[in-house]
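Notes follow once the structure below has been shown.
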Amino acid sequence: MMSHTILGSLARRGTVRAARAWLLGVLGALGLALVSGWAWAGDKVEQPIEFPHDIHAGKMGINCMYCHTYARRSKVAGIPPLRKCMGCHENIESVKDKPRIKKLFEYWEKKEAIPFKKVHDLPDFVRFNHERHIQRFYFQLGRPVQEVCGYCHGNVAGMTVAEKVEPLSMGWCISCHQKDHPDAPAGTRVNFPRMSLADSPAQEPKAETSHGPNDCWQCHK
Amino acid sequence: MKNLQRRDFLRVLGWGGASASVAACGFTSVDSGVETVKSYVEPEDFNVPGVGIYYASTCTQCEGLCGVVGRVRDGRILKLEGNVASTINNGKLCGLGQASVQHHYNPDRLRAPLLRKDGELKPITWAEAMPILLDRTAATRDGRFAFLTGPVSGHFKVLAGNTTEALGSRQHLVYDPLSTRINRVAAEQVLGSGAPRLLLEQAQVIVSFGADFLDTWVSPVHFAGQYARFRRATEDKPRGTLVQIEPRMTLTGANADRWIAIRPGTEGVLALGIAHALLAARPSAAGAVPPALVTAATAFDRSRVLTDTGVSAEAFDRLVKLLQDRSPAVVLSGPSAEGHVHGYSNAQAILALNWVLGSVGKTVVAPVKSPFPQIAAESGDTAALRQFADGLAAGRFDTVFIHDVNPVYSAPAFLKIPELLPKAGFKVVFAQYRDETANLADLVLPVDSSLEDWGTHVAPYQGENLELTLQQPLMERLYPDGTRSVGDVLLEVLKRQRPQEYKGFADYYAYLRAALVANRAAFAPIDGDDEYFWTEALSRGVLHVKAGAEAHGAEHAPARLPALELDFAGATTPAGDPYPFTLAPAVRALRDGRHANLPWLQETPDSLTTIVWDSWAEVHPATAKRLGIVDGDILEIASASGSLKVQAYVFPGLHPDVIGLPLGQGHESMGRYANGIGVNPFRILDPVFDRRTGELAMYATRVRVSKTGTRTNIVSDEGWKSGNLKTQAGRKLVAVLPADKAKLSEEV
Amino acid sequence: MNSVTQAKDKDIREDLSWSQINRDVLASLERPRATYWVLFALAFAVFLVGLGCEAYQYDTGLGVSGMNNPDVWGLYIATFIFWIGMSHSGTLLSAILHIIHADWRKPIYRFAEAMTTFSLMTAGLFVAVHLGRLWEIYYALPYPNERWTWPNFQSPLLWDAMAIFTYLSSSILFLYVGAIPDFAICRDYATGWRKTFYGKLALGWMGTDRQWRNFRVSYLVIACFLIPLAVSVHSIVASDFAMSQQPGWHITSFPPYFVAGALYSGCAAIITLFIILRHVFRFEEYMTLPILDKTARLTFAIAMVWTYLNCIEYATVWYGDSEVAKETLMQRATGPYSVYWWAMNFLGSVLPFTLIFKKVRANLSAMMVISLLLNLGMWLERWMIVTPTFSHGYYPWTWNHSFFPSLVQWGIVFGSFGWFGMLFMLFCKLVPSVSMYEVKEMVFHRKLARLHASQA
Amino acid sequence: MSLDATLNDWTKLRQTHPLPGSHPDLKWAMAIDLDACTGCNACVVACYAENNLPVVGKEKFAAGQAMHWMRIERYWNEADENAPEQGAQFLPMMCQQCEAAPCETVCPVGATNHTNDGLNSQVYNRCIGSRYCSANCPYKVRYFNWYNYPEQVKAWPEPLPMQLNPDLTVRTKGVMEKCTFCVQRLTDAKNNARTEGRPIRDGEVTTACAQACPTSAITFGNLSDAHSQVAQKWRLQRVELDKDKQLKDIDGSHPGLRGYRIFEDLRPYPSVMYLERVRDTQA
């Protein structure tokens, strides 16, 4: 009642409009902060050899892990060794005269690795483990490999050189890990901030205690 | 060839990983296309990016020669761990060993050979350097050559020896500033072996006269492991008790149940006193002891010993009682007992106690004899340096090679090495850094770090079985055109001198491989062809040498104690000495100064004083009180041969007549981490030598102490800047339990 | 003659005409004494020094402040508490005294409130300055972000931030609302850009009785809201320490102790500024000696309360069961910092007794010195809470009895005084530092009171 | 989002002691035998090598800005301070990974938290450097990056950076750091165990200090695994994680017990048990 009259008196001077503008401004800023995580814009990267994923993964339907052989064995996916490429292309006469293959052979003659540019880069304080994810989704849950890799890398089968299509921001990671999809083990759900003390088993199922990004150190180093 | 692939694996990847991680955790770019990722062209399938693989090698930081495994990731050696296959260190590794990666990655390493042109050392390429080296050595007139190295073993020893021979000289001089030769000779004489095996873990009592076996003596990591078992109690064996007797507390002394400060040089007297007391109480023991010793001992009755040694009656009686009650025991003789004009007598008297206590054959047994004397370890001595100096003085050398030692730094001033060295015609120094000696060379050849080089080693002190440890590159050369393996260079020299014998070997690696494969029968069997044998040997890092049947067991110890030559003249110092204190040089992780440029070691607080990045003079509280010295006072420590200025640290672990001074600091040219830090006690050592062996008596230098009036803040970790806190201030941080209360045998 | 004696013992002359009040006060916005510019320049220079030091520290890292492992907070947090403390007096004078109808506050509450606001701003600076990664400070804000994280709501530091921001915003509001009628006066007298400037600020104040009614009520509401807030703020600051493990910190009586200390230093500061303003703006008619006298008495009272709570703190430690806390206390009294500690006790508890002499209270220069000394004492108190505890905590190995802040740290601390002074001076030049309409009320009421008295 | 979680669990947030059985699967812990520890500093150097610790140099060391996560403390007996006949006493001190860690509750941004396997995590990239944790740590084992060691101080002149361990970051200016029980090793071990679908084996992974220690004075392992060496040691010494008074202190009936935790009366419930140094009084 009281405050109402005050507003009333001020209203004559149109201050309410100002106040409203203020409010909108603040909300807008918050909204921006919220969304900024999704401003990824993975621009196309110039590579020494424009590797056609669309042909290999798309047309040929080669299993991603045939070339990216390290992904299931190491936290680092790495780049396929040159020998891998040669293994096939030495015997594929049909394309030997293609410029990209020529380049490939040049590198091979020089016994020199191809300096590919990193497309999906994470900050150095982040510890992302390819092996973990592939082991779970591909080997344990038997999902199609392109879908599994696609969770983070998008539909590579549709690109020539890989492009970054997901934000790979912390919130984006959590957006999966927090989801309650049926096959997510309890432990891979995230709560922030973490409690100062370990949770009692009553509150969190046993599965949770030994693993899962429930502790910051799982992803931060 | 396998080897090449290995080296391919050891090639450094475009190491985005670490270079990025340097900038990490602030803002880091996550934009696409900034960093590059590479992979090997033809990797082994065990070679997975982001996964560390362990390769076995040998730690050459000290004479312990522990086996190590290095963690290699993306072609970079990251860290060293102990090699569990080695019975010397059983998978453990000391701080010094850990730090050897910093020798490898050291920013001050030489990256090109240096040649002296018109008085200046100028960088040249190896292509230029090698011909010069070969021609000059070839030009050496017969026999006018000397090769000064540090302690050597394995096939490098052979190569070095052959090189010297090939130049018609016998002067392969093995120099060790911290030599334990007196001990070896005495042990040879008294116990029948220069390096007897010490079964510390089986002993109930260890009495150590200044042998710092936990930190710096002979094979520290090995003994530390034994010490742990010695301290543990089992049903049949109680917890062992350690008594340390020395003028200045070593780390071992700091861990003793009883630490006894003794007047320097009188250790032998105390030993005989103990022998006397024991024999008096148990004449039966005299059976094993020659009448010579018995009679010698009789002269040293309790009262005389107490007055001579300054040991309290209570301490003496406790010790005697302890030795009577508990058995078996081990008695060790260390540098502080041996570094005197009568050091040899001291060592003999001390080691002889093992006979009186009946330890010989129980806790002191003969080592496994090596079937290959030619590759057996050759521990150096200081006599070698004197020989070298004499040779220089007499102008007897056209050419000298110096490798793995830094005499210009570590030689006592009175030897005048810096002045004499120029007398040699052509001075070649193999060095990793441009150190004091390299500065005086005509040709400086930068050598590989121990993590880049090949090699074989046989440790002077062996565990339960005789081991030959292999050293292999854990990483490609940091400076492929900059450094080379000494082995390769010597091989070149030999090829020039004796083409016939050596033309077969492409390089040092090929030489080693051939040598081992040829002798594979001598090692514990590995089936498979030579290729397999070699790879297997490399992956293990350790080869067990089959000992000849004749070589085993205790029967090699002499049946009874041979006669001793005891001569304690000069054991006690004359009154009214202008130099009232005895200087006790303290050996630390920096050893003879060769490790002074390792930042980790400089930054690691000294175990006892917790001082970092500096030298200091330890002064006993009573002495300090008398002279009005407080922490941080700059003192002048003067001996007859020189003086130096250093900060004082009031330290209780001393005999009041002793001034402690750590070795290893005071470099003028050893790189950014060592230069201008602290002082170099080697400089002020007196020309005192052991009567029998002619070794430099390290602990016989007499000094006088005076305040310069200036003062500095001691930089230490110890309750830093809190009025120099020395105790726990009533908190329960380290609790101590009397041994009789503890139930160690019930623990796991 | 008669009128002079009258002026001497009265808070304010009752024959002041409205127009004269306006003239005198508005004059402060136009042509202050030269001292004003001297002081302003001085403050600005000091501020620049602080700014330089901060820039250096920001670039090089906090190491340059000379802080180290045991002593991780140094002067920054101490000075932070000090400034928070300063802020309390404004609320005391304007809000509390307003509610208890002590009208002598009227001539001096405006600048006291300004002091509140600006010392809060200064305190806020220290929160930022002492951070290792100032550029990440927004991590501490609870806002929805792409990391999907929240700050840690358990941390007293977070409560701190919230309390301070609330306090700051509401005291700004209080200050502003209270000044609206005066802005209107300024607007009416001013010309040129000032007219538009004050016009905007005055929010079209016409002085209609409806406006007055709303104004009074809202002013009262904010005042009532502000008082508990002020108390809570410093209690929360106290909990930064009281809730920690450090010996000599986790003491139950810390919150009231801190509040008392705050009011104490606040009052002392008011006396200082009182004297300065009285001089530079020729406010002899408004900031009269009797008012100073009252302020001084108030200060003395609070000093006694503080002394009492101070003794309580020592007692709780002394009779408490924590040996280490006791040790720390003894360390303060006898250790390397004993000089400062005794100085703090003397300045805080003994010096105030000079205020019981009327002569002293009436002597401007004496009061100036005393008030400054009292504040020095209060600052030392904060430092004695932070540094000796760090230097002699639970863990003996890390004791550091010789910690002394580096010049950079001192530079920033002094800079903060410059920053405060600068803002304050600026404020007094732009906003009437004496509330005209309330002085008029005061004069009016006094007159009225006397009339009644004479009629009776 | 989890503000509600926070509010729901407010009581839990204010919890001041660990709940029994809070780590059914994994609880990393240590036992350090002070009778075996010789103070040789091997662990300290190993820690530098493993954890990318900067060498700060004499001047900064003197200023008390050393960065050694692990330090060996040397104490003399009050009794024989001038004639240390009992030798010295050594204490390896590193982060005690407290169960009710005083540092955790006070961090304004929640950069230090308790992990489910009982570690006291420090998230460098989240830390804003308020240093409140260090202020509140009774052991003073948290080390602050007072300078930009990698770039400005140049603590790693080329080629030293090649030695840096890529499994963890090099901390930058203004963040707090501390012993992590070599979490990068633990994470790898957990990863391998999960891939092979088995629990972590005792001795499968250990910290750099424990691995180096020449006398094996440091035992590291999983306290929740009853058969692990560390668990056995704790059990034998009758030391329990969630107690603030151990049998040893309660009654004198067990004089032989050596196990104790430092500052237990402050109730941080450390994860490091020390075993008392033993001295032969007859010697």
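Proteins get letters first, then strands, A, B, ... in listed order; numbering begins at 1 in each.
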Please classify the contact between [X] and chain D as side chain, backbone, both or neither, with a heavy-atom cut-off of under 4.5 Å.
{"X": "C:D59", "answer": "both"}
{"X": "C:V324", "answer": "neither"}
{"X": "C:Y138", "answer": "neither"}
{"X": "C:S406", "answer": "neither"}
{"X": "C:F390", "answer": "side chain"}

task = Among C:V127, C:T389, C:D71, C:V64, single out the residue with the greatest number of heavy-atom pairs under 4.5 Å to chain D.
result =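 Highest number of heavy-atom pairs under 4.5 Å: C:V64.
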Max heavy-atom pair count under 4.5 Å with chain D, selected residue of C:P247, C:A140, C:P156 =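 Maximum pair count with chain D is reached by C:P156.
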request  = Would you mind checking if D:E99 and D:K243 are paired as a salt bridge, meaning a charged N to carboxylate O distance below 4.0 Å?
outcome  =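 Salt bridge absent between D:K243 and D:E99.
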Option in [options] with maximal non-hydrogen atom pairs under 4.5 Å from chain C:
{"options": "D:P138, D:P108, D:G129", "answer": "D:P108"}
{"options": "D:C127, D:P268, D:A111", "answer": "D:C127"}
{"options": "D:V153, D:L91, D:N136, D:I262", "answer": "D:N136"}
{"options": "D:P102, D:C137, D:S130, D:S134", "answer": "D:S130"}

inquiry  = Determine whether C:Q245 and D:L266 satisfy the following criterion, side-chain contact (heavy atoms from CB on, under 4.5 Å), listing intermediate values before the conclusion.
reply    = CA-CA 8 Å; C:Q245 281 254 19; D:L266 296 180; 3.9 Å; yes
Counting only heavy atoms closer than 4.5 Å, note whether [X] contacts chain C via side chain, backbone, both or neither.
{"X": "D:F144", "answer": "side chain"}
{"X": "D:R71", "answer": "side chain"}
{"X": "D:Q152", "answer": "side chain"}
{"X": "D:Y147", "answer": "both"}
{"X": "D:M93", "answer": "side chain"}

task = Apply ring-ring contact (aromatic ring centres under 6.0 Å, His included) to D:Y143 and D:H68, showing your working.
result = CA-CA 8 Å; D:Y143 298 91; D:H68 45 44; 5.4 Å; yes
ask   = Is the cationic atom of D:R171 (NZ for Lys, CZ for Arg) positioned less than 6.0 Å from the six-membered ring centroid of D:Y124 and within 45 degrees of its normal?
value =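 D:R171 over D:Y124 ring: yes.
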query = So is D:R261 actually on top of D:Y274's ring, under 6.0 Å and inside 45° of the axis?
reply =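 Judged by the rule, D:R261 and D:Y274 form no cation-pi pair.
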key: For D:K60, all residues meeting salt bridge (Lys or Arg N to Asp or Glu O under 4.0 Å), sequence neighbours excluded   =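 Partners of D:K60 under the salt bridge (Lys or Arg N to Asp or Glu O under 4.0 Å) test: none.
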message = Students often mix this up, so state it plainly: with edges at 30° and 60°, are the rings of C:F126 and C:Y76 parallel, tilted or perpendicular?
response =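 Plane angle between 30° and 60°, so tilted.
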request  = Check the pair D:R267 / D:D244 against salt bridge (charged side-chain N to carboxylate O under 4.0 Å, His left out), numbers first and verdict last.
outcome  = CA-CA 6 Å; D:R267 303 202 181 78; D:D244 58 11; 2.4 Å; yes
query = Within a reach of under 6.0 Å around CZ of C:F404, are more than 12 heavy atoms found that belong to other residues, nucleotides or ligands?
reply =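 Atom CZ in C:F404 is crowded, with more than 12 foreign heavy atoms closer than 6.0 Å.
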query = Are C:M86 and C:F82 close enough that some pair of their side-chain heavy atoms sits under 4.5 Å apart?
reply =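 Yes; the side chains approach each other to less than 4.5 Å.
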